[in-house]
> 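My questions will all concern the structure given below.
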Amino acid sequence: VVDVLFAMSDDRRRRVINFDIDPANASPVANAGGPYSIDEGLPLELSGVFSYDAESAQLQYEWDLEDDGNDAFDDADVANARYVFADNGVYQARLRVTDESGKTDIDTARVQVRNVAPRIDEIDWIRIIPEGDILSVEVRATDPGADVVTYQFDWDGDGQFDTDPQLQNRADYVYTDDGVYRARVRVEDDDGGHIEGEFEVVVENAAPVISQVVAPPSVAEGVVFEVVTIAADPGGDELRYAYDFEGDGEFEVENSVLARVDVHYADDGLYT
């Protein structure tokens, strides 16, 4: 009997990865391959084919790719395993090999999963709207990882996002003036990966709306009375007024900024 560790330094002993001096059946040696690197959401090919047995015995392969315990080698049972890691990060893949007599060995491999920015699949909106109307935008986006995705909107395309990050992929906005706007949406995952999409909004000028014209139902001829026009513009534009007091198609007062005017009729009659 020989002490095979006799006179070995501590450094050399630390280099021993598998120690079995059984002359009839030495333990197998596992090799999990790696290190590996992959983008999140893509399948990773792991190879344990460089594992070996000194007696060339057939090996049983078991992978633990979720790092969920010493006995949880239940993620794959083949030499070459395929696995999709749900999120970015650094993982430890473990391979356990077992020979026909039941002897085992375990090897680990480092897996680097890189974050991938989300992608915008579709932006749904109405391109042409009248000023003062509500624009509704729905963004459909996908993230290859298990990330939380937020949305921000730059409604006028000035490079400043007008909304704080929000989980809702649908937003409403009111354009108060006509024009062509290059709006943008920014979709960002919780690891900082982001993508921006642009959509054009054409806001057409809308006619003002007269809600009421206030005038007395009857007056004596020659008496001055006031006509008040109650009107508003959907886009908040400055309004100007024109008045045809006799209903003949000719406007006696045009381009006035006054919503109130004084009127008198020199002769009796019914006027529109």
> Can you tell me if Glu188 uses its side chain to pair, donor with acceptor, with the backbone of Thr150 under 3.5 Å?
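Looks like no, no N/O pair under 3.5 Å.
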> Please answer: with hydrophobic residues joined when any side-chain heavy atoms are less than 4.5 Å apart, are Leu42 and Val113 in the same cluster?
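Yes.
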> Where do Phe73 and Arg94 land on the side chain to side chain contact (heavy atoms under 4.5 Å, CB included) test, with the steps shown first?
CA-CA 8 Å; Phe73 289 88; Arg94 300 193 302 158; 3.6 Å; yes
> Going from CZ on Arg240 to CG on Leu258, what distance comes out if it is rounded to the nearest 0.5 angstrom?
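Taking CZ in Arg240 and CG in Leu258, the distance rounds to 9.5 Å.
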> Would you confirm whether Asp233, through its side chain, and Leu239, through its main-chain N or O, come within 3.5 Å as a donor-acceptor pair?
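Not at all, since once roles are kept as given, no pair shorter than 3.5 Å links the two residues.
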> Identify every side-chain donor-acceptor pair in residues 245-254 under 3.5 Å, counting partners at least two apart or on other chains, and give the distances.
residue: Asp248; atom: OD1; partner: Glu250; partner atom: N; Å: 3.0
residue: Glu252; atom: OE1; partner: Phe245; partner atom: N; Å: 2.8

> Compare every heavy atom of Asp99 with every heavy atom of Ala57, then report the nearest pair and how far apart it is.
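Taking every non-hydrogen atom into account, CB-CB, 4.5 Å.
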> Determine, step by step, whether Asp64 and Arg96 satisfy the side chain to side chain contact (heavy atoms under 4.5 Å, CB included) criterion, reporting the C-alpha distance in whole Å, the side-chain angles of both residues, the deciding distance to 0.1 Å, and the verdict.
CA-CA 8 Å; Asp64 172 21; Arg96 181 171 67 188; over 6 Å; no
> Ignoring hydrogens and geometry, is there a side-chain-to-backbone donor-acceptor pair from Glu138 to Asn169 under 3.5 Å?
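Looks like no, no N/O pair under 3.5 Å.
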> What heavy-atom pair brings Glu221 and Asp267 nearest, and what distance separates the two atoms?
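Between these two residues, the closest heavy atoms are OE1-OD1, 3.3 Å.
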> Checking Tyr265 against Phe225 for the side chain to side chain contact (heavy atoms under 4.5 Å, CB included) test, could you report, in this order, the C-alpha distance in whole Å, the side-chain angles of both residues, the deciding distance, and whether it holds?
CA-CA 9 Å; Tyr265 291 99; Phe225 62 93; 3.5 Å; yes
> Give, for atom CG of Asn115 and atom CG of Asp190, the distance between the pair rounded to the nearest 0.5 Å.
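If I round to the nearest 0.5 Å, the distance is 8.0 Å.
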> Just jot down the ring-ring contact (aromatic ring centres under 6.0 Å, His included) partners of Tyr83, sequence neighbours excluded, or say none.
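Partners of Tyr83 by the ring-ring contact (aromatic ring centres under 6.0 Å, His included) criterion, ordered by chain and then number, come out as Phe85.
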> Same cluster for Ile126 and Val137 if Ile/Leu/Val/Met/Phe/Trp/Tyr side chains link at under 4.5 Å?
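Linked, Ile126 and Val137 end up in one cluster.
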> Nearest 0.5 Å please: distance from the CG atom of Leu65 over to the CG atom of Leu46.
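Result: 5.5 Å between the selected atoms.
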> Search all heavy atoms of Val201 against all heavy atoms of Ala183 and return the closest pair with its distance.
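Scanning both residues, the minimum pair turns out to be CG2-CB, 4.5 Å.
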> Val203 and Ile123: same hydrophobic cluster, using ILVMFWY side-chain contacts below 4.5 Å?
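Yes, one cluster joins them.
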> Within the side chain of Glu131, is there an N or O that forms a donor-acceptor pair under 3.5 Å with the backbone of Asp178?
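Answer holds: yes.
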> When clusters are formed by joining ILVMFWY residues with side-chain heavy atoms under 4.5 Å apart, either directly or through shared neighbours, do Trp125 and Trp155 land in the same one?
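Yes.
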> Name the atoms and distances for all side-chain donor-acceptor pairs under 3.5 Å in residues 209-220, with sequence neighbours left out.
residue: Ser211; atom: OG; partner: Ile230; partner atom: O; Å: 3.0

> Is Glu198 paired with Arg184 through a side-chain N to carboxylate O contact shorter than 4.0 Å?
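No, this pair does not count.
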> Could I get the full list of side chain to side chain donor-acceptor pair (under 3.5 Å) partners for Ser47, not counting sequence neighbours?
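Per chain and number, Ser47 pairs via side chain to side chain donor-acceptor pair (under 3.5 Å) with Asn80.
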> After noting the C-alpha distance and the side-chain angles of Ser9 and Asp11, does the key distance pass the side-chain hydrogen bond (donor to acceptor under 3.5 Å, both in side chains) rule?
CA-CA 5 Å; Ser9 66; Asp11 182 63; 5.2 Å; no
> Can any side-chain N or O of Asp191 pair as donor or acceptor with the backbone N or O of Gly193 at less than 3.5 Å?
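Not a single qualifying donor-acceptor pair exists.
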> Which one of Asp107, Leu95, Val29 satisfies the side chain to side chain contact (heavy atoms under 4.5 Å, CB included) criterion with Ser51?
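Among Asp107, Leu95, Val29, the one meeting side chain to side chain contact (heavy atoms under 4.5 Å, CB included) with Ser51 is Leu95.
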> Look up atom CG in Asp189 and atom NE2 in His194, then write down how far apart they are to the nearest 0.5 Å.
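Reported to 0.5 Å precision, the distance equals 10.0 Å.
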> Would you say Asp172's side chain and Ile134's backbone share a donor-acceptor pair under 3.5 angstrom?
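No, because the side chain of Asp172 does not come within donor-acceptor range (under 3.5 Å) of the backbone of Ile134.
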> Using atom types as modelled and distance alone, determine if a side-chain donor or acceptor of Asn88 lies under 3.5 Å from a backbone N or O of Glu40.
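No; zero donor-acceptor contacts below 3.5 Å.
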> If you round to the nearest 0.5 Å, how far is CD of Glu62 from CG of Asp74?
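It comes to 9.0 Å.
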> Ring-plane angle category for Tyr175 and Tyr173, please: parallel below 30°, perpendicular beyond 60°, tilted otherwise.
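Because their plane-to-plane angle is over 60°, the rings of Tyr175 and Tyr173 count as perpendicular.
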> Minimum heavy-atom separation for Tyr243 to Thr229, with atom names?
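Distance-wise, the nearest heavy atoms are OH-OG1, 3.3 Å.
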> Would you find a donor on one side and an acceptor on the other, under 3.5 Å apart, between the side chain of Gln112 and the backbone of Ser37?
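Checked: no pair found.
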> Hydrophobic clusters here meaning ILVMFWY residues chained together by side-chain heavy-atom distances under 4.5 Å, can you tell me if Ile129 and Phe153 are in one?
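Both belong to a single hydrophobic cluster.
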> Apart from Val49 itself, what residues make up its hydrophobic cluster when side-chain heavy atoms of I, L, V, M, F, W and Y under 4.5 Å apart count as a link, directly or indirectly?
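Direct or chained contacts put Val49 with Phe50.
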> If I take atom CD from residue Glu122 and atom CZ from residue Arg140, how far apart are they, to the nearest 0.5 angstrom?
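Here the interatomic distance stands at 4.0 Å.
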> Is the number of heavy atoms from other residues, nucleotides or ligands under 6.0 Å of Asp262 CG greater than 12?
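Count over threshold, so yes.
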> Begin with the C-alpha distance, continue with both residues' side-chain angles, and end with the deciding distance and a verdict on side chain to side chain contact (heavy atoms under 4.5 Å, CB included) for Val257 and Glu238.
CA-CA 8 Å; Val257 296; Glu238 180 184 359; 4.0 Å; yes
> Between Pro43 and Ile38, which heavy-atom pair has the shortest distance, and what is it?
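Answer, listing the atom of Pro43 first, then Ile38: O-CD1, 4.0 Å.
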> Taking side chain to side chain donor-acceptor pair (under 3.5 Å) as the definition, give me every residue that meets it alongside Glu226, ordered by chain and number, with sequence neighbours left out.
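Testing Glu226 for side chain to side chain donor-acceptor pair (under 3.5 Å), a comparison that skips the adjacent residues, returns Arg260.
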> Can a donor-acceptor pair be found between the side chains of Asp121 and Thr142 at a distance below 3.5 Å?
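Yes, a side-chain donor-acceptor pair sits under 3.5 Å.
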> What's the shortest heavy-atom distance between Pro130 and Ala206, and which atoms?
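Closest heavy-atom pair between Pro130 and Ala206: CB-CB, 4.3 Å.
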> Would you say the side chain of Asp154 lies within less than 4.5 Å of the side chain of Arg186, judging by non-hydrogen atoms?
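Contact flag for Arg186/Asp154 side chains = no.
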